[in-house]
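Read the numbers this way: they start at 1 and go in the same order the structure lists the ligands and their atoms. Residues: numbered from 1 along the sequence shown.
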Amino acid sequence: MDKIAIDAVLNRIEETTGQNANPRIAAIVHRMVRDLFYLIEDLDIQPEEFWAGLNYLAEAGRNGELGLIAPGLGFDHFLDLRMDEAEARAGINGGTPRTIEGPLYVAGAPVAQGEARLDDGTDDGEVLVMEGQVFDGAGKPLRDAKVEVWHANSMGNYSYFDPTQSAFNLRRTIVTDSEGRYRLRSIVPVGYSVPPGGATDRLLKKLDRHGTRPAHIHFFVSAPGHRKLTTQINIDGDPYLWDDFAFATREGLVPPVTRVEDAAAMQALGVGKPFSLIRFDFTLHADNASVPQAEVARQRAAAAA
Ligand code: DHB
Ligand code: FE
C-alpha cells in the first residue's frame with residue numbers, strides 16, 4: 001500500500017480515541033501501531049507470520065519468558081544507556097556503572113549486619129569471598145547502606161526459580177558497618193543460560209545466537225539520600241565475558257579475582273582448600289531531583305524469609 005492509504009487507515013483508527021483517553025498511553029499505542037503497520041508493509045509480513053508472532057508472544061507471556069526476551073534483544077541495556085545519558089546531562093558522572101537487573105531478583109532475602117554467608121553449604125563449587133566498601137560521591141564511607149546480592153549456583157541456576165535449591169540460597173541483604181564495609185562468603189557462580197527449548201531459546205536459535213550469560217553477581221546498593229544502584233560484577237576469565245546474550249558486561253565491573261592458597265588464610269576462613277577473593281567497592285550518587293529516579297518499579301518475585 002502507498003503511504004497515503006496507510007496514513008488514512010491509521011488516522012481512522014487514531015480518531016476513535018476518546019476525550020478521556022490517557023494521553024501518555026494513547027501516544028505510545030498510536031506510535032506503536034503506526035510503526036508496526038509500516039513494518040508489516042515494508043517487510044511484506046504475511047498473515048501467517050503475523051499470527052505466528054502474536055502467538056509466540058502469548059506463549060512467552062504464559063511461560064514468564066518476556067523478561068528474558070527483553071534483555072536478549074538488548075532492551076534492558078538500552079534503558080541503562082538512556083539512564084546514563086540522563087544522568088550525564090544532569091551533571092552526574094563517575095561512580096559505579098549500572099547494569100541490568102535481569103528477571104531473577106526475589107524480594108525478602110534474609111538481612112545480615114556487615115557480613116553474610118550466601119550459600120547453604122550444599123554446592124561444592126569454588127569458595128568465594130567478596131568484600132569492599134560503599135562510598136558516597138565524595139569518597140566518604142556510607143554506613144548502614146543496604147547491599148542486596150543475588151547470584152546463580154555452580155549449575156547456573158537461581159534459587160526460587162530453581163525449586164531444587166533451598167529458600168534464598170545465594171541471596172542476602174547485607175547492611176554495611178560503621179566504615180561502609182560489607183563482606184560475603186559464597187561459591188563462585190557459573191553463567192546462566194535461558195531455559196532450553198523455551199520461547200527465548202527458540203528465538204535466539206533463529207538468530208543463530210546463544211542464550212548464555214557470563215558468570216556474574218547481581219547487586220542493588222542503596223542508602224538514604226542516594227540514588228539506588230543496580231549493577232553486577234562479572235567473574236573475570238569467563239569465556240562469555242564479552243559475549244553476554246544480555247549485553248550487560250561493562251568496563252569497571254570486571255574486578256580481578258585473586259586465588260588464595262595461603263594456609264593461614266584458608267584456616268581463618270575455615271576452608272580446607274584454596275578459594276577466590278574479590279575486592280570491589282561501590283560508589284553511589286547523591287539524590288538529584290533533576291533526573292528520573294534510579295529505582296525502577298517493576299513486577300518482581302517475593303518470598304518470605
Ligand atoms: C537473564 C538472566 C540473568 O541471570 C540475568 O542476570 C539477566 C537476564 C535472562 O534470563 O534474560
Ligand atoms: Fe543474573
Undergrad: Could you walk me through whether Val190 and Ile235 pass side-chain contact (heavy atoms from CB on, under 4.5 Å), step by step?
TA: CA-CA 9 Å; Val190 165; Ile235 308 298; over 6 Å; no
Undergrad: Mind checking whether the Fe ion (ligand 2) has an N, O or S of Tyr158 under 2.8 Å?
TA: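 Under 2.8 Å: Tyr158 contacts the Fe ion (ligand 2) through an N, O or S atom.
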Undergrad: Among Val260, Val271, Asp119, which residue meets the side chain to side chain contact (heavy atoms under 4.5 Å, CB included) test with Val127?
TA: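 It is Val271, the one option of Val260, Val271, Asp119 that forms the side chain to side chain contact (heavy atoms under 4.5 Å, CB included) with Val127.
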Undergrad: What do you reckon, is CZ of Arg259 surrounded by more than 12 foreign heavy atoms closer than 6.0 Å?
TA: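 More than 12 heavy atoms, drawn from other residues, nucleotides or ligands, come within 6.0 Å of this atom.
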Undergrad: Determine, considering heavy atoms only, which of Arg213, His151, Glu65 sits nearest to atom 3 (C) of ligand 1.
TA: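 When every heavy atom of Arg213, His151, Glu65 is considered, Arg213 comes closest to atom 3 (C) of ligand 1.
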Undergrad: Hydrogens and angles aside, do His216 and Thr99 bring a side-chain donor and acceptor to less than 3.5 Å of each other?
TA: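 Absent: no donor and acceptor within the cut-off.
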Undergrad: Which residue and atom name correspond to the protein heavy atom nearest atom 4 (O) of ligand 1, and how close is it?
TA: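 Answer, as residue, atom name and distance: Tyr158 OH, 3.0 Å.
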Undergrad: With the threshold set at 4.0 Å, does a side-chain nitrogen-carboxylate oxygen contact exist between Glu41 and Lys3?
TA: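 Result for this pair is no, no salt bridge flagged.
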Undergrad: Could you tell me whether Lys146 sits above the aromatic face of Phe220, with NZ or CZ closer than 6.0 angstrom to the six-membered ring centre and within 45 degrees of the axis?
TA: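 Judged by the rule, Lys146 and Phe220 form no cation-pi pair.
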Undergrad: Numbering the atoms of ligand 1 from 1, which are under 4.0 Å from a heavy atom of His218?
TA: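 Listed by number with element, the hits are 4 (O), 5 (C), 6 (O).
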Undergrad: Of the backbone atoms (N, CA, C, O) and the side-chain heavy atoms from C-beta on, which set of Leu104 has a member under 4.0 Å from an atom of ligand 1: side chain, backbone, both, or neither?
TA: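 Side chain only; the backbone of Leu104 stays clear of ligand 1.
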Undergrad: Of the backbone and side-chain N, O or S atoms of His151, does one lie nearer to the Fe ion (ligand 2) than 2.8 Å?
TA: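 Not a single backbone or side-chain N, O or S atom of His151 is under 2.8 Å from the Fe ion (ligand 2).
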Undergrad: Hey, which atoms in ligand 1 end up nearer than 4.0 Å to a heavy atom of Phe245?
TA: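 It comes down to these atoms of ligand 1: 9 (C), 11 (O).
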Undergrad: Counting non-hydrogen protein atoms only, what is the nearest one to atom 8 (C) of ligand 1? Give residue, atom name and distance.
TA: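 Protein heavy atom at minimum distance: Pro103 CD, 3.3 Å.
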Undergrad: Heavy atoms, side chains only, cut-off 4.5 Å: are His218 and Leu104 in contact?
TA: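 No, every pair of side-chain atoms sits at 4.5 Å or beyond.
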Undergrad: Which single N/O/S atom of His216 lies at minimum distance from the Fe ion (ligand 2)?
TA: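 His216's closest N, O or S atom to the Fe ion (ligand 2) is named NE2.
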Undergrad: Contact between ligand 1 and Gly72 is defined here as a heavy atom of the residue under 4.0 Å from a ligand atom; is it met?
TA: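 For ligand 1, residue contact (heavy atoms, under 4.0 Å) with Gly72 is absent.
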Undergrad: Check the orientation of Tyr240 and His210. Use parallel for under 30°, tilted for 30 to 60°, and perpendicular for over 60°.
TA: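 Tyr240 and His210: perpendicular rings.
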Undergrad: Do any N/O atoms on Glu101 end up under 3.5 angstrom from N/O atoms on ligand 1?
TA: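 So ligand 1 has no N or O lying under 3.5 Å from an N or O of Glu101.
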